[in-house]
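To start, the structure under review is shown below, and the notes come after it.
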Amino acid sequence: MKRDRLIGAILLVVALSAISGLALITVFIFREGVPIILRVGAGQFFLSTDWEPSLGHFGILSMIGGSLAVTVGAAVIGVVFSLGLAIVLTQFAPPALAAALKPAIELLAGIPSVVYGFVGVVTLVPLIRHSLGGPGLSVLAASIVLGIMILPTITSIAIDALQAVPRSYVEGSIALGATRWQTVTMVLLRAARSGIVAAVILGMGRAIGETMAVIMVAGNALALPHSLLDPVRTLTSNIALEMGYASGDHRQALFATGVTLFVIITLLNTAALAVSRRRAGRRRVG
Amino acid sequence: MKVSPATTQRVAVGFMWTLAAITFAVLIFILAFILAHGLPHVTWSFLTESPSSMGREGGIFPMILGTLLVAGLAVLVAAPIGVATAVYLTEYTREGRLTAVIRFGADCLAGVPSIIFGLFGFVFFAITLGMGLSVLSGSLTLALMVLPTIIRTSEEAIRAVPYAYREVSFGLGSTRWQMVITVVLRSALPGISTGIVLSLGRSISETAAVMLTAGSALRLPRSLFDSSRTLALHFYILSREGISMPNAYATASVLIIAILALNLLAYWLMRRFVAKVGR
C-alpha cells in the first residue's frame with residue numbers, strides 16, 4: 001500500500017511535465033521578446049509596417065495583416081469543405097464507405113507541411129499566376145493550401161459534434177416529415193453549433209501557426225495585402241525566414257513576433273475552450 | 001418560385017459529395033505527384049550514400065539517420081512521460097482541480113505552433129542548457145511537442161479498458177500498480193501504440209521546430225551533440241534553394257513512404273485494439 005502511494009506521487013510529478021513545459025515556453029519566449037517591444041514602443045511595434053532590422057526599425061503590422069488574411073482565407077475554404085465532409089460522412093454516406101474514408105482524412109493530416117508547400121508552389125502558384133495574374137505567390141495560394149491543411153482538424157471535431165447530437169432530435173425531425181437535408185440544416189447544425197464553432201476556431205489556430213507551407217506559397221512580401229493576389233509575409237514566416245542569421249535586437253524582435261503569435265493563439269484556444277464549455281454546461285441543464 | 005425540399009436535398013447532397021470527391025482527389029494527387037516524380041530517383045545508392053555539393057549529388061543517408069535519431073529519441077522521451085501522465089489521470093486520482101490543471105496544460109501545449117516550439121528549443125535547450133544546435137536539442141523540443149498527443153491517445157485507450165478487468169485484478173489480490181502493469185497497460189497497449197506511432201510520424205514530418213533546434217549540418221551525426229539535418233528540412237532546402245529538383249522529389253518520396261507506412265501501422269494497431277477491447 002505504501003509502495004502504491006509512492007508510485008502515485010512519482011506519477012503525479014511526471015504528470016506535471018506538460019504544464020511545466022507550457023510554463024517554461026511562456027516564460028522563455030516572453031523574457032526574450034517582451035523587452036524589445038517595450039524599447040521600441042508597443043504602438044510602433046504593432047502598428048508600423050516598417051520592418052528594416054538593419055536600421056533598427058521593427059514594425060510587424062504587415063505580418064499581422066498577412067497572418068490574418070491567410071487565416072481568414074483558410075477558414076473560409078476549410079469550413080466549406082470540412083462541413084460538407086462531416087455532414088456527408090455522418091448523414092449520407094453508407095457506413096462502410098464512411099469508415100473507409102476516415103483514414104484518408106487522417107492521412108491528409110499526416111502529410112508534412114513542407115510537402116503541401118512544395119506541391120502548392122509547383123502546381124497551384126503557376127496556375128494562379130497564369131489564370132488570375134499577379135505573382136501567383138499570394139494570399140489566395142496560401143489560403144487554399146492552408147484550407148486543405150486544416151481540413152482534417154475541423155472535419156474530425158465537426159464529426160464528433162454532429163455525432164454527439166442525440167438521435168432522438170434527428171428521429172423527431174424525420175418523423176415530422178422533414179427531409180434528411182432539412183433535418184441537417186434545421187436541427188443537426190443548430191444542435192451541434194457550438195462544437196462546430198469550436199472546431200473552426202481550433203482550425204484557425206492551426207492555420208495561423210503553420211509555417212513551412214506558408215513560407216513557400218505566400219510570397220513573403222513586406223506589405224499589407226490589398227487583394228487576394230498580393231504576396232504577404234506571416235508572423236510565422238518572418239520568424240523562420242530570419243532566425244537563421246538574426247542576432248541582438250533583431251533576434252529579440254523575432255522572439256517578440258513569436259510573443260504576438262503566442263498571444264493570438266492563446267486567445268483563439270481560450271475562445272474555443274469557452275465555446276465548448278458552454279456547450280457542456282448547456283447539455284447538463286438540458 | 002418554390003423549389004421542392006426533395007430537389008433542394010438532391011442539390012445540397014450532390015454539392016457535398018463533390019466537395020468530398022475534391023478532397024480525396026487532392027490527397028491522391030499530392031501523393032501521386034510526389035511519388036511519380038521522385039520514386040524513379042530513389043535508388044539504393046541514393047539511400048545509402050552521403051550527399052555531395054550541398055545535396056546536388058549523392059544520397060541522403062545522413063538525413064535518414066538524423067531523422068531516425070531526432071524523431072526516435074523524441075518519442076522515446078515523450079512516450080514514458082505521456083503514458084505515465086495518462087495512468088496518473090485515469091488510475092491514480094479523482095477528477096478535481098489538479099487533473100483540470102494537468103489537462104489544461106496538455107490542451108494548451110497541443111495548440112502551440114511548431115515555430116514557437118522551435119524558438120523555445122533554441123533559447124532553452126540550445127543556448128541556456130548549452131546543448132547547441134544538436135540532435136539532442138531537436139529531439140527534446142519535439143518530445144515536448146508530441147507529448148499532448150501521447151497523453152490524449154493513451155488516456156482514451158486506458159479509459160476504453162473495461163472496468164471489470166480492474167475489479168478482477170483487485171479481486172485476485174493485486175496492488176494498484178500490479179493491476180496497472182499487468183491488466184490495464186497490457187490491454188491498452190495497441191491503443192497506446194497508435195498514439196506513439198502517430199507521434200513518430202509527426203516528429204518525422206516536422207520542419208520548423210527542427211530547423212531552429214537541430215540545425216542543418218549535412219554530415220553524419222557522430223553523437224547526440226552533433227547538428228543533423230532531417231529529411232523534411234533537407235527536402236525544404238533542396239527545393240527552396242533550387243539545389244536539385246530530382247533529389248528534392250526523391251527525398252519527399254522517402255518521407256511520404258515513411259508517413260504512409262506509419263499511418264498504415266497506426267490504422268492496423270487501432271483495428272487490433274478495437275477488436276480486443278471492443279464490445
Side-chain angles (χ1 to χ4, degrees), chain A residues 1 3-4 7-8 11-12 14-19 21-22 24-25 28-29 32 80-81 84-85 87-89 92 101 103-104 106-108 110-116 118-119 123 148 151 179-182 202 205 208-212 216 236 239-240 243 255 258 261-262 265-266 269 273, chain B residues 5-6 8-9 12-13 15-17 19-20 23-24 26-27 30 33-34 81 84-85 87-89 92 101-102 104-109 111-116 119-120 122-124 144 147-148 151 175-177 201 205 207-208 211-212 232 235-236 239-240 252 255-256 259-260 262-263 267:
Chain A
M1 242 30 261
R3 196 163 147 253
D4 249 7
I7 291 171
L11 287 177
L12 168 61
V14 176
L16 291 172
S17 310
I19 187 86
L22 182 70
L24 273 179
I25 292 176
F28 272 85
I29 300 287
E32 290 291 311
V80 171
F81 276 83
L85 266 173
I87 293 171
V88 147
L89 288 183
F92 295 100
L101 292 181
E106 277 160 35
L107 184 59
L108 212 51
I111 294 178
S113 64
V114 274
V115 170
Y116 277 110
F118 179 75
V119 175
T123 60
I148 297 167
L151 186 150
T179 64
R180 198 96 200 150
W181 174 246
Q182 285 172 326
L202 285 176
I208 206 168
E210 174 49 44
T211 311
M212 305 314 283
M216 295 167 96
T236 52
I239 302 170
M243 259 316 269
F255 272 90
L261 181 66
F262 194 86
I265 297 264
T266 309
N269 287 346
L273 211 66
Chain B
T8 316
Q9 166 155 316
V13 174
F15 176 65
M16 289 188 301
W17 273 118
L19 293 178
T23 307
F24 295 109
V26 166
L27 171 67
I30 293 175
F33 185 80
I34 296 285
I81 298 178
T85 305
V87 167
Y88 179 77
L89 287 173
Y92 273 84
V101 167
I102 292 170
F104 173 78
D107 284 348
C108 287
L109 208 56
V112 173
S114 60
I115 189 81
I116 302 275
L119 282 177
F120 167 73
F122 172 77
V123 66
F124 185 69
L144 203 54
L147 183 60
I151 295 178
T175 65
R176 186 166 288 272
W177 182 242
S205 319
T207 312
M211 180 167 76
L212 299 186
F235 166 56
Y236 172 72
S239 59
R240 178 105 182 124
L255 255 182
I256 291 280
I259 298 295
L260 277 175
L262 287 173
N263 267 274
Y267 182 65

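Just so it is clear, the values below take in all heavy atoms, side chains as well, and ignore hydrogens, waters and symmetry mates. Numbers restart at 1 for each chain; the letters A, B, ... are given by sequence-line order, proteins then strands. Remember, predicted model here, so these are calculated numbers, not experimental data.
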Sorted by chain and residue number, the ring pair (Phe, Tyr, Trp, His ring centres under 6.0 Å) partners of A/F118 (sequence neighbours excluded) come out as B/F235, B/Y249

Counting heavy-atom pairs under 4.5 angstrom with chain B, the leader among A/I148, A/N269, A/L273, A/V115 is A/V115

When the 4.5 angstrom heavy-atom criterion is applied to A/L101 and chain B, the contacting part is both

Review point. So, A/D4 side chain and B/R176 main chain: donor-acceptor pair closer than 3.5 Å or not?
Key: yes

Between the CG atom in A/L16 and the CD1 atom in B/I102, the distance rounded to the nearest 0.5 Å is 5.0 Å

Scored by heavy-atom pairs under 4.5 Å with chain A, the best of B/G201, B/A208, B/P148 is B/A208

Applying a strict 4.5 Å limit to non-hydrogen atoms, the region of B/Y92 in contact with chain A is side chain

Nearest heavy-atom approach of B/L255 to A/P112 is CD1-CG, 4.3 Å

Honestly, the part of A/L85 sitting under 4.5 Å from a heavy atom of chain B is side chain

With a 4.5 Å heavy-atom cut-off, do B/C108 and A/T266 have their side chains touching?
no

Heavy atoms of A/V14 and B/A84 approach each other most closely as CG1-CB, 3.8 Å

Counting heavy-atom pairs under 4.5 Å with chain A, the top scorer among B/T23, B/V26, B/I256, B/L147 is B/T23

In this structure, CE of B/M16 is separated from CZ of A/F81 (nearest 0.5 Å) by 13.0 Å

Rounded to the nearest 0.5 Å, the CD1 atom of A/I111 sits from the CG atom of B/L27 at a distance of 5.0 Å

Whatever's closer than 4.5 Å to a heavy atom in chain B on A/L12 counts as both

Cut-off 4.5 Å, heavy atoms of chain B, and the answer for A/I265 is side chain

Comparing B/L109, B/V87, B/I30 against chain A, the one with the most heavy-atom pairs below 4.5 Å turns out to be B/L109

Cut-off 4.5 Å, heavy atoms of chain A, and the answer for B/I81 is both

Separation between CH2 (B/W177) and CZ (A/R3), nearest 0.5 Å, reads 8.5 Å

A/Y116 meets the ring pair (Phe, Tyr, Trp, His ring centres under 6.0 Å) criterion, sequence neighbours left out, with none

Looking only at A/S113, A/G205, A/A240, most heavy-atom pairs under 4.5 Å shared with chain B are made by A/A240

Heavy-atom nearest pair, A/A15 first then B/Y88, reads CB-CD2, 3.9 Å

Per-residue tally against chain B (heavy atom, under 4.5 Å) across A/I87, A/V119, A/I208, A/V88 peaks at A/V88

**Residues, nucleotides or ligands: over 12 heavy atoms within 6.0 Å of B/F24 CZ** = yes

For B/Y267 and A/P103, the nearest pair of non-hydrogen atoms, with its separation, is CE1-CG, 3.4 Å

Turns out that what part of A/L89 lies under 4.5 Å from chain B's heavy atoms comes down to neither

Cut-off 4.5 Å, heavy atoms of chain B, and the answer for A/T123 is side chain

Assert top hit (heavy-atom pairs under 4.5 Å, partner chain A, pool B/A12, B/A106, B/S114, B/A6) equals B/A12

Here the gap from A/T236 atom OG1 to B/I115 atom CD1, rounded to the nearest 0.5 Å, amounts to 7.0 Å

Practice task
Decide yes or no for A/Q182 and B/Q9: does some side-chain heavy atom of the first lie under 4.5 Å from some side-chain heavy atom of the second?
Solution key: no

Chain A shares the most heavy-atom pairs under 4.5 Å, among B/L260, B/V13, B/L262, with B/V13

Taking every heavy atom of A/G21 against every heavy atom of B/L144, the minimum-distance pair comes out as CA-CD1, 4.1 Å

- Message: Contact between B/F122 and A/F255 at the side-chain level, heavy atoms closer than 4.5 Å - yes or no?
- Response: yes

Rounded to the nearest 0.5 angstrom, the CE-OG1 distance for B/M211 and A/T211 is 8.0 Å

Item to complete: Keeping the roles fixed (side chain from A/E32, backbone from B/V123), state whether a donor-acceptor pair exists under 3.5 Å.
Response: no

**Asked** Run the side chain to side chain contact (heavy atoms under 4.5 Å, CB included) check on A/V114 and B/R240 step by step: do they pass?
**Response** CA-CA 10 Å; A/V114 274; B/R240 178 105 182 124; over 6 Å; no

Counting heavy-atom pairs under 4.5 angstrom with chain A, the leader among B/F104, B/F33, B/W17 is B/W17

Scanning both residues in full, the closest heavy-atom pair of B/I151 with A/A18 reads CD1-CB, 4.1 Å

